[in-house]
Amino acid sequence: MVVSLADYLVLSALLFALGVAGFLFKKDLITVFISIELMLNGVNLTFVAFSHYLRQNAIDGNLFVFFVMVVAAAEAAVGLAIIIAVVRNRNTLNIDKMDLMKN
Amino acid sequence: MQLALFIIFGGLALAGAINLLVQKAPIHSALSLVLVMGALAVLFLLLGAEFIAFIQILVYAGAIMVLFVFVIMLLNAQPSEPSRSSRIARWLGPPVAGLLGIILAALVASRYHRVPANMGQPMFQVEAIGNALFHQYLLPFEVTSVLFLVGVAGAVMLASRPDEAAQNAPAGHLAETEAISRKKGAGA
Amino acid sequence: MTVSTFFVIAIVKALVALFILTTLIAYIQLAERKIVARMQSRVGPTRVGPFGLLQPLADAVKFILKEDIVPAGAEKGLYLLAPILSVTLALLAIAVIPVGPPLSLHGWLIPLQLTNLNVGLLYVLGVTSLGVYGIVLAGWSSNSKYSLLGSLRAGSQMVSYELALGLALVGPVLLAGTLSLNGIVHAQAGGHWFLWTQWVAFFIYLTAAFAETNRIPFDLPEAEGELGAGYHTEYSAMKFAMFFLAEYANMITVSCVATLVFLGGWSGPLFGPPALHILLPIFWFCLKVAAFLFLFIWVRGTLPRFRYDQLMAFGWKVLVPLALANVMVTSLVAAVLH
Amino acid sequence: MPIALHLWLIPALCFLGFALNILFGRLWSKAVAGTVGILFPAAAFLWALRLALAWGGFPSPYLESHGAWILAGPLRIPFSFQLDPLSLTMALIVTGVGLLIHIYSLGYMAEEGGFYRYFALLNLFMFFMLMLVLAANYLLLFVGWEGVGFASYMLIGFFFRRDSAAKAGMKAFVVNRIGDFGFLIGLFYLFQLFGGFGYARIFPQVMRMPAETGWHGPLTIIALLLFVGATGKSAQLPLYVWLPDAMEGPTPVSALIHAATMVTAGVYMVARSAAIFDRSRAALAVVLAVGALTAIFAASIGLLQKDIKRVLAYSTVSQLGYMFMACGAAVYGAGIFHLMTHAFFKGLLFLGAGSVIHAMHGEQDMFRIRHLATGGLKKYAPVTFWTFLIATCAISGIPGFSGYFSKDMILENVFSGAAGNRFWWAVGAIAALMTSFYMFRAVFVTFFPEGDAPPPRLAPELEGVAHATGQEPAGVAAHAAHPHESPWVMTIPLILLAILAAIGGYFNLDGRFMNFLAPVFIPAGAGTIATAPEAAHAGLLVRSIPLIAAFGGLLLAWWMYRLRPRLAPRAAQALPQLYALIFNKYWVDELYQAAIVGPLGWISRRVLWRGVDQGLIDGGVNGIGHLAQASGNLVRKQESGLIRSYASWIGAGAVVVLIYVVWLGVR
């Protein structure tokens with residue numbers, strides 16, 4: 001028995017969906033952010049899997065993962081800095097309370 | 001063997017992801033994500049992407065998630081208190097997430113189930129990746145490095161307090177005092 | 001080689017390595033106590049066994065028998081997880097370290113390492129970078145100010161110096177053209193140790209390695225004077241021993257990497273009968289690692305501790321720029337030489 | 001390999017001077033700013049002089065081009081410069097006279113603010129003018145053409161705090177735009193016909209076309225459109241109105257505008273386009289008529305002006321008319337010759353007038369000057385007086401002075417040339433008489449003692465007339481009673497220009513100048529209307545008429561303003577309507593105001609502003625705004641401010657897109 005491309009893709013689809021779910025259901029700002037990382041990871045898996053199966057070990061897919069990681073790192077740095085600033089100002093991490101633009 | 005590893009670590013990744021969703025405290029979610037990342041790194045190894053696998057560990061798990069954990073510690077993030085919540089998210093969320101997963105999975109499963117397994121030996125990748133990075137993908141590489149630089153500068157700007165520069169105190173000190181004060185606040 | 005023999009060999013090798021490693025750690029600890037004692041004109045432990053040689057055993061028994069305390073208000077799961085994580089990751093890193101050239105036994109070629117990885121160096125870096133979790137979680141879950149501060153310091157220190165550490169290794173990797181530890185050793189064959197050409201990187205690596213292992217003069221996380229024992233203030237008995245184990249395992253790992261990357265690994269003069277040809281490389285390797293370990297102990301006996309802001313400034317403003325400059329110069333030279 | 005002449009250097013040097021001064025001048029002292037401002041035009045002049053001395057050592061016309069300025073499909077317009085006798089002459093005049101004016105300005109502007117700005121703009125002015133004359137295609141010429149317009153706008157409005165100066169600058173700009181509009185359409189037409197702008201591309205094609213007789217030929221239309229531009233730039237009827245107002249600028253600027261740059265651009269352009277004009281009899285007739293009418297019209301206004309600078313301004317308009325008469329008679333060489341001599345003596349006249357104004361501390365009214373400078377100004381400012389007199393002789397056509405030669409040649413050719421016309425000749429001759437009269441009037445009134453002449457104010461009943469024109473003396477200093485000679489930086493340019501104005505006519509000894517210019521015009525007109533300049537054979541009577549006119553004007557002025565000083569006011573009183581008509585410049589400005597500016601303003605205010613802008617456009621925009629607001633109010637409810645709600649909507653959108661993709665059937 002070998003593992004097929006579809007297996008990997010289904011797995012990554014599920015991870016992605018779980019990330020979406022986390023994004024929608026979690027009330028915690030940091031957890032929401034973590035969910036985004038989960039989505040990115042799910043996508044990364046598809047890149048590597050495609051690169052392995054469809055292009056016969058081409059490294060392009062791996063490079064995309066590399067770039068995604070760089071972007072994720074930058075995003076994490078900025079996002080966490082924003083979270084820190086938000087918490088300092090509003091003293092809460094609850095995403096539902098961040099509605100200053102309302103009213 | 002391959003299938004066994006795939007099932008074990010794929011299952012581990014899924015379990016981690018679900019645990020991420022279920023856990024209340026942010027720190028547990030973050031650690032679940034680290035678990036997912038570790039499992040994914042093994043899957044990358046299975047897919048012949050050694051370099052990416054260890055970069056995944058080194059950068060994602062070892063740096064980015066450490067940052068998350070750090071912030072969680074710093075802010076002493078507790079399970080979030082109940083609050084006015086979004087009705088739309090409550091009604092729209094489950095079908096959206098569920099449909100997204102089902103449709104995506106069904107889509108890829110139906111389209112790619114016939115792709116032949118790759119029997120080729122994984123080649124030595126680091127050199128190939130370096131070559132591609134500095135030739136074919138030089139521009140994206142440089143652009144992302146600029147993006148990264150901007151991100152770092154932005155993070156420093158955002159996280160530093162306005163009066164911090166005036167005091168010119170070492171950053172670590174403030175972080176420590178802040179953490180202490182939060183701990184106190186949580187205890188009280 | 002069938003799957004089952006593969007598993008058998010792997011498990012045997014892992015067990016052997018684990019046994020050697022734990023014993024080694026125990027005796028390094030003893031050696032440290034002895035050497036430091038000599039430096040301070042004391043004699044060190046002498047009562048248990050001849051010259052105190054059985055002291056580690058006694059210590060182990062003590063650790064196991066002590067009461068295991070879990071502080072009130074601690075996060076139980078994480079409190080337990082942290083030391084296990086620490087020691088597991090520390091031991092995991094040894095897996096790719098080759099201690100000598102492949103051994104031929106009954107026609108089988110047995111590599112003297114658990115697994116030969118094309119990106120071995122990356123593996124070591126990756127696994128050690130995870131080590132910070134153990135420390136951070138320990139401090140966090142203990143529900144104690146001292147622990148929290150210790151782990152905060154340890155976390156930022158390790159994240160900061162990891163950068164310098166990795167960048168310092170880029171120079172030798174550039175020269176060797178491979179990330180495989182075996183390949184790096186081969187690239188230094190014939191006495192062309194990277195220490196000669198990459199001495200800047202060597203210095204940076206050594207400094208960063210001290211910081212990574214939280215050893216003096218960078219042992220801020222457990223600065224007794226101000227923080228008690230730092231992140232493991234609240235730990236006792238076997239859990240404490242695990243942290244102890246992890247620290248010394250990390251010392252061994254960084255010493256091995258330094259030996260492999262900068263000192264030519266197991267290379268050294270070969271002489272004598274064929275049996276000696278097999279054993280000598282291992283001997284040379286152990287000798288070099290031992291020298292590094294002695295250096296660790298020596299420094300602990302001599303140098304005072306840094307102040308926290310000095311430490312951060314030194315890492316970010318001296319080591320990282322220096323390492324970057326080294327990478328640039330090395331790549332320029334390499335490009336010119338090609 | 002042809003030798004490199006580096007024509008680009010000439011304008012580039014001036015531009016460098018401009019750039020340095022405008023960037024750093026603020027930081028410099030006046031001495032440094034002035035030195036920089038003079039150094040670069042001087043270098044440009046020396047370079048032009050070097051080219052002139054090396055004449056014959058390179059092919060003519062010499063062409064050089066630098067890079068591509070405009071690249072659009074097959075169209076490729078380079079920065080191309082051309083050196084031939086015409087552009088060399090112009091470059092020398094522009095740089096030479098311009099340089100003298102620069103030097104003069106050092107003294108004249110010494111006490112003014114914005115010193116560096118002044119010199120920067122002066123350099124910019126020269127830069128654009130040099131671009132204009134050295135360009136080898138019409139588009140580059142147009143750049144210079146617009147550039148001088150801009151520079152003149154800035155310089156005329158130099159004293160921008162004074163309302164009248166700012167308005168005069170704007171007037172010059174706007175009137176020029178009208179002409180430029182025609183010019184631009186002419187350029188479009190040229191491009192359509194010949195597919196390019198380069199002289200080297202257009203003129204050979206033009207020369208293969210037959211001469212046109214009617215009004216509908218393409219060349220005629222082009223020529224007339226180009227001439228519209230020329231009337232704007234060179235202040236011909238009916239677009240001359242900006243030039244007299246341009247007096248608001250500092251006097252050296254007026255000198256620069258009138259003598260070396262700007263107004264000569266139109267003449268130059270017509271001469272440059274000789275090949276086109278030569279093939280259209282109708283266009284030539286129009287040019288001749290407009291030139292002649294302008295000459296007499298402006299001269300008649302000049303008769304009665306009291307402001308010394310205004311007299312000179314109208315004389316410039318009139319002299320430009322002469323130049324166009326020459327062009328209209330297809331003797332472009334004579335036009336250029338007159339342009340050159342005019343540059344000398346008109347530059348000198350303006351600088352002299354500036355010197356007078358300087359001496360009188362800002363007083364510009366000739367009669368008041370006479371009144372204030374007891375004993376005659378010539379006593380106080382001898383150098384100014386003598387140089388001014390030389391220039392007057394030159395402009396009036398007193399034999400021996402430069403103006404005589406050029407004006408004589410023009411009139412002769414108008415009389416007897418193939419494209420000439422006796423009627424316009426007569427008009428020109430009368431204008432010459434008037435010129436002589438009002439110029440000597442200016443000399444006698446300004447420099448000679450008052451004697452028993454009446455007080456400076458005219459007869460009381462004419463007071464109101466004078467006021468109606470708003471002709472107030474600009475900033476009269478109360479202590480103007482101490483006239484003095486100007487410093488040497490001002491007198492030396494005067495003397496140099498006086499020498500040139502005196503002997504400038506001898507450049508054409510034995511037709512030498514004409515022959516020098518001939519290669520530019522002869523091939524252009526070969527086999528068409530134009531005739532060689534020496535073909536003009538006029539009778540003795542015709543030849544003596546300009547002489548008679550010149551001396552007649554001199555004597556008349558002497559008689560009216562020296563011998564019988566009370567005659568002039570009495571004549572004015574005898575014919576008050578005529579006097580008022582002429583004194584107020586035929587009410588042309590008022591006519592324009594009533595006929596064009598007023599209705600235009602009314603339409604703009606009532607129809608365009610209130611109606612179209614406020615009603616239609618604003619209403620429309622505001623309506624859209626209100627619509628958006630109203631619809632926003634409707635969907636506002638959806639914006640709960642809850643991030644997770646938004647995220648849900650995004651997710652729902654993704655699901656919808658996904659379903660759509662599946663439904664499409666991904667391949």
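The chains referred to below are lettered A, B, ... by the order of the sequence lines, with proteins before strands, and numbering in each begins at 1. In this text, all values refer to a predicted model and were calculated from it rather than measured experimentally.
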* Asked: Taking C:Y205 for the side chain and C:V254 for the main chain, is one N or O donor matched with an acceptor at less than 3.5 Å?
  -> yes

* Mark yes or no for whether C:Q188, through its side chain, and C:V261, through its backbone, hold a donor-acceptor pair below 3.5 Å. =>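 Flag set: sc C:Q188 to bb C:V261 pair under 3.5 Å.
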
* Asked: Do you know which of C:T128, C:L137, C:V159, C:L81 has the most heavy-atom pairs with chain B at a distance under 4.5 angstrom?
  ->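 Option with the greatest count: C:L137.
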
* chain B: which of C:V136, C:L163, C:L125 shares the most heavy-atom pairs with it under 4.5 Å? -> C:V136

Engaged part of [X] at the chain C interface, taking heavy atoms whose separation is under 4.5 Å:
| X | value |
| --- | --- |
| B:F70 | side chain |
| B:A63 | neither |
| B:V69 | side chain |
| B:V34 | side chain |
| B:I27 | side chain |

Could you report the tightest heavy-atom contact between [X] and [Y], atom names first, then the distance?
| X | Y | result |
| --- | --- | --- |
| C:F218 | C:Q157 | O-NE2, 2.8 Å |
| C:Y133 | B:M65 | OH-CB, 2.9 Å |
| C:A249 | C:A90 | CB-CB, 3.7 Å |

* Asked: Which atoms of C:V132 come close to chain B, meaning under 4.5 Å heavy atom to heavy atom: side chain ones, backbone ones, both, or neither?
  -> side chain

* **Side chain, backbone, both or neither of C:Y123 within contact of chain B (heavy atoms, under 4.5 Å)** =>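 Both parts, backbone and side chain.
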
* Asked: Hey, are C:Y308 and C:S156 close enough side-chain-wise for a donor-acceptor pair under 3.5 Å?
  -> yes

* Asked: What class does the angle between the rings of C:Y79 and C:Y235 fall in, given that below 30° is parallel, 30 to 60° is tilted and above 60° is perpendicular?
  -> parallel

* Structure fact -> Residue from B:L31, B:I72, B:V59 scoring the most non-hydrogen pairs under 4.5 Å with chain C is B:L31

